[in-house]
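Notes for the one structure printed next.
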Amino acid sequence: MIGPALFFSACLFAIGVMGVLTRRNALILFMCVELMLNAVNLSFVALSKLHGVGGQVFVIFVMTVAAAEAAVGLAIVIAVFRHFRTVDLGALRLLRG
Amino acid sequence: MDVVHPLSGTIAELIWLVPVLPFLGFLINGAFSLTSAYLPGPLDPSSDPTSGHSGHTGEFPALQATHHGHRHRWEKATTIIGPAVIILGFLLSAAIAWTMIQRGGDAPFIQRYSTWMPAGTLQVDWAFQLDHLSMVMVLIITGIGSLIHIFSVGYMREDPGYPRYFAYLNLFVVFMLALVLGANYPVIFVGWEGVGLCSYLLIGFWFSDTNNADAGKKAFIVNRVGDFGFLIAMFLLWSNLGALDFAGVAAKAATFPVGSGVITAICLFLFLGCAGKSAQMPLYIWLPDAMAGPTPVSALIHAATMVTAGVYLIARSSFLFAVSPTASLTVVIVGGVTAIFAASIALKQWDIKKVLAYSTVSQLGYMFVGVGAGAYTAGVFHLVTHAFFKALLFLGSGSIIHAMHEAYHEGHAHHDDAQDMRNMGGLRHTMPFTWAFMWIATLAIAGVPVFSGFFSKDEILGQLFERAHGSTLADAHWFGIPGSAILYLFYGLGLITAFMTAIYMTRMMLYTFHGENRSDEKARPHLHEAPWIMTGPLAVLAVLSAVGGWVNLPEWFTEKLPVGRTEALHHWLEPVVGHATTALAGAQPPTAMSTELSLVAAAIACALGGILTAWLLLKPAKLTSAAKAPAAHGVARVLERKYFVDELIQMLLVNPVIRVSRTLLWRGIDVGLIDGLMVNGSASVARGIAWVGARAQSGLVGNYAWAIALGVLGLVAVMTLG
């Protein structure tokens, strides 16, 4: 069962990466990052079958951090929207060199 | 093994005190000038609206201060300390000289104080060498120095920079003594540079006038050319002879064959140094400009002592020149050409100090002819007598200038040039003492019998004539020209120079003291003799100028008139220069008494002929004051403008240097290469790189994400495939 689980995890991760790379909406970007995190969680869980319970413990940590990150990230997105009246990342290029 | 020197344990051990005393004077007077409040200088535009006048050379601007009560607060202390340290030094050195006469001893008395440069086999000490030659120089420096310091009290007392003046003058004496007492070339060089510094400081003493400051810079820069020669000579000495102290160099030099190329090169470089310091061709141009300094400075530094350092150095290095007839002949040629060239310029100068300056250059040429021909005693003898009469002439001119200035000021007259002889005339009525003293000096420098200059000049010319036949020098060749031809030629030129000397000196006396007074009517009644503190030193120098020749009376003279010892100076200097003199003379046949007497007759004829010519031809009565004088034409103009040498140097040397500096060095290298290419260039490169880097910073999160993703892909690819 590990093979299909890892394959599914890889697919999820790839979808996440493609989302991050191609979409310009900050919220969607954010959701895609969550997708990548969960793909990694899935492979952790799957691999814990081979390497012991450590992988599952790690998933708990990742979920905790992800929750915190979601809180901070969403707050930033809201702040950005209040400031620029948009969450289109293509329009935000204040740090251009 | 060491033989105890006859001078050790005597007062000669105190020789170090002679330069240390003036050094203390320098410290004290220097402190006075630093602690005193700012006093506006006489040429300071803010000081006095009526003193806007500023002349060209060595104007005497001190008088304004007198009448405004601007005497210096340390004036009394400086008046005592300044001259006292030199007088004490003179008394000490006179005592040492007396001990030397009593105890004798031919070897130099060398005192080592500390090690200066202990580098491998190079061992240079701070050491003084007291021998017969340096003793003569120390006596001249401290003796004439004392008189000039006393004179300066009268001349400079009203100047706001009075303590500063004495500080510099004392410091000059310190370095001059180090120069003549040094026991090796590096110590001499320290003194050599030190006197150059003091000369610069004193020429530019009234530095608020740009002309004076420029004259100081000119002297300093021209001297650098000469000092370069001195340095190269020292390097060559060290690398080829392995010694820098006189004893070591003399011992090594004797092992070289006569005419050795190395020694010739050393001598020529050394002579370049001497030509710079002693104002010989082509480096003489600074000395006439150096007249911008106060007149006592001209007397002490630019007539009696510093400018004779070159003559001293050649006499000191006689063991080197004895090995190189070529270098010795070069010295004769340069000295002889300078002598006649400068004398001809002096014929048409109007500034009284310029006449004396060119006269000094000319007389220094005589000295070089003497030491070049191997007549070291004659050269040093002329150095001594010249110190007497030229110091007297300069101090006398100083008292004239002082009187002229004071008269202009007290008479509230228009300030004409107080140094232009066309504005003087008839001063013998108002300044009888100065007149009498300066005539003595004039007769001495012209070479009128029994005055000091007669004996010294005659000895140089006589020795030159004797050397021209049968001596080592006459048999040598100078670039294919036989030495004997050169010596005969320069004997002839020497006679002509003597004739010209008599003319220009008489001319100066006639225009200054005789005829009618040509100064402003308002100033005329205020002309008066200088105070005793100035005429006193003049009197002493007048006595010395008159009888100074007695230190070295020739044989033909004492035979007929036994009034003194025969050739006393010659015997005195024998241990120092005797060997070199014999080496250059070689198997020279003794001169017959009749020949010698006819040479003397020729010299006397030149002197008296010159005086008579000037007396008969020049008509002071026809002269008009400087402002009304017509411009000179033809030869007179060429002489008056000094053969346009300054203009030529400006055109050929200074202007090209300025042009190269401006176009190549400033705009090309400095602005172009360093500023443009290197400083701004590196900035441009950095900006270019930054521009490329900035393109990567798009500010778009997506682009960064792409970069990260591609990077990860790359890494994974490397790790899996590699």
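Note that these values count all heavy atoms, side chains included, but never hydrogens, waters or copies made by symmetry. Naming convention: chains lettered A, B, ... in sequence-line order (proteins, then strands); numbering from 1 in each chain. From a predicted model like this one, the values you see are computed outputs, not experimental measurements.
Residue A:G90 comes nearest to B:L700 through the heavy atom pair O-CD2, 3.5 Å, listed as atom of the first residue, atom of the second, then distance. Closest approach of A:L29 to B:V701, counting heavy atoms only: CD2-CG1, 4.5 Å.
Atom CZ of B:F230 has more than 12 neighbouring heavy atoms from other residues, nucleotides or ligands inside a 6.0 Å radius. Applying the 6.0 Å contact sphere to CZ of A:F30 captures more than 12 heavy atoms from other residues, nucleotides or ligands. More than 12 heavy atoms of other shown residues, nucleotides or ligands fall within 6.0 angstrom of atom CZ in B:R667. The environment of CZ in B:F220 is crowded: more than 12 heavy-atom neighbours from other residues, nucleotides or ligands sit within 6.0 Å. Heavy-atom neighbours of A:F84 CZ from other residues, nucleotides or ligands within 6.0 Å: above the threshold of 12. Around CE of A:M63, the count of heavy atoms belonging to other residues, nucleotides or ligands within 6.0 Å does not exceed 12. Heavy-atom neighbours of B:F644 CZ from other residues, nucleotides or ligands within 6.0 Å: above the threshold of 12.
Heavy-atom distances place both the backbone and the side chain of B:A705 under 4.5 Å from chain A. For A:L89, the parts lying near chain B are the backbone and the side chain together; criterion is any non-hydrogen pair under 4.5 Å.
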Would you list the atom pairs in which one atom of chain B and one of chain A form a donor-acceptor pair under 3.5 Å?
{"unit_1": "B:Q697", "atom_1": "O", "unit_2": "A:G97", "atom_2": "N", "d": "2.6"}
{"unit_1": "B:S698", "atom_1": "O", "unit_2": "A:R93", "atom_2": "NE", "d": "3.3"}
{"unit_1": "B:S698", "atom_1": "O", "unit_2": "A:R93", "atom_2": "NH2", "d": "3.1"}
{"unit_1": "B:W706", "atom_1": "NE1", "unit_2": "A:L21", "atom_2": "O", "d": "3.3"}

